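From a predicted model like this one, the values you see are computed outputs, not experimental measurements.
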Amino acid sequence: MNWNYLFKHWFGTLVFAPFIFDLFCLFDENLANIAGLIEVYPITLIFGLLFSLPTYILYGIIYYYLANKEVSILYSKITLIVFTTLSILITFNIVFHAREPIGGYVYAITSIILGILLKLNFKNDNNKLNYQNKRINK
């Protein structure tokens with residue numbers, strides 16, 4: 001099974017969202033007093049990994065289930081994106097008690113955009129080659 005989509009989606013969200021959040025802070029006067037996430041980027045990434053770990057463990061279980069049930073790629077992608085978005089919003093609400101909801105929204109939007117742009121392929125490239133070799137050998 002190919003896990004590239006899961007890891008690209010996860011790490012991409014963690015890498016790009018702080019930059020987008022800082023852009024929001026530049027244009028919103030209410031957010032100007034919040035320390036930029038880029039200023040503490042390594043810490044942001046570490047805490048992002050820690051806080052998102054439960055979400056992505058469950059994400060991996062859902063990913064594995066969808067891959068083994070041979071659900072359509074479109075339905076699988078929608079399911080994974082919706083799950084991730086809701087999980088991000090719930091995590092931000094639990095951790096930050098809804099004090100600054102914009103952070104959760106930015107991470108959720110980043111996750112949605114990356115989820116749409118990334119290609120979901122449950123099959124490993126080796127599986128494709130093995131299948132093609134079996135067809136040729138028949």
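Hydrophobic clustering of Ile, Leu, Val, Met, Phe, Trp and Tyr side chains at less than 4.5 Å, counting indirect connections, unites Ile43 with Phe92. Linking ILVMFWY residues whenever their side-chain heavy atoms come closer than 4.5 Å, directly or via other members, places Phe16 and Leu14 in the same cluster. Hydrophobic clustering of Ile, Leu, Val, Met, Phe, Trp and Tyr side chains at less than 4.5 Å, counting indirect connections, unites Ile57 with Phe51. Two different hydrophobic clusters hold Leu23 and Ile113 under the rule that ILVMFWY side chains link at heavy-atom gaps under 4.5 Å. Ile109 and Phe96 are assigned to two separate hydrophobic clusters, defined by single-linkage of ILVMFWY side chains at heavy-atom distances under 4.5 Å.
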Tabulate below the donor-acceptor pairs under 3.5 Å that side-chain atoms of residues 72-90 make, not counting sequence neighbours, or state none.
{"residue": "Ser72", "atom": "OG", "partner": "Tyr75", "partner atom": "N", "Å": "3.2"}
{"residue": "Ser76", "atom": "OG", "partner": "Ser72", "partner atom": "O", "Å": "2.9"}
{"residue": "Lys77", "atom": "NZ", "partner": "Ile116", "partner atom": "O", "Å": "2.9"}
{"residue": "Lys77", "atom": "NZ", "partner": "Leu118", "partner atom": "O", "Å": "2.6"}
{"residue": "Thr79", "atom": "OG1", "partner": "Tyr75", "partner atom": "O", "Å": "2.8"}
{"residue": "Thr84", "atom": "OG1", "partner": "Leu80", "partner atom": "O", "Å": "2.7"}
{"residue": "Thr85", "atom": "OG1", "partner": "Ile81", "partner atom": "O", "Å": "2.8"}
{"residue": "Ser87", "atom": "OG", "partner": "Phe83", "partner atom": "O", "Å": "2.8"}

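In this structure, OG in Ser52 is found 11.5 Å from OH in Tyr59, a value given to the nearest 0.5 Å.
Listed for the Tyr65 side chain is no donor-acceptor partner under 3.5 Å among the backbone atoms of Gly60. Although no hydrogens or angles enter the test, the distance criterion places no donor-acceptor pair under 3.5 Å between the side chain of Ser111 and the main chain of Tyr107.
Partner of Phe122 under the ring pair (Phe, Tyr, Trp, His ring centres under 6.0 Å) criterion, out of Tyr5, Tyr63, Trp3: Tyr63 alone.
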- Start with the C-alpha gap between Leu53 and Trp10, add the side-chain angles, then the distance that decides, and say whether side-chain contact (heavy atoms from CB on, under 4.5 Å) holds. CA-CA 10 Å; Leu53 198 57; Trp10 184 11; 3.6 Å; yes

- Item | Verdict with reasoning, Tyr56 to Phe7, per ring-ring contact (aromatic ring centres under 6.0 Å, His included) | CA-CA 9 Å; Tyr56 280 94; Phe7 290 113; 8.9 Å; no

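Between Asn121 and Asn2, the shortest heavy-atom contact is O-CB, 3.3 Å. The two residues Thr44 and Pro18 come nearest to each other via the heavy atoms CG2-CG, 3.7 Å. Closest non-hydrogen pair, Thr13 versus His9, comes out as OG1-O, 2.7 Å.
Residues Leu114 and Thr110 form a side-chain contact, since some pair of their non-hydrogen atoms from C-beta on lies under 4.5 Å apart.
The local environment of CZ in Phe11 is crowded, with over 12 non-hydrogen atoms from other residues, nucleotides or ligands closer than 6.0 Å. The 12-atom threshold is not exceeded at OH of Tyr64, counting heavy atoms of other residues, nucleotides or ligands nearer than 6.0 Å.
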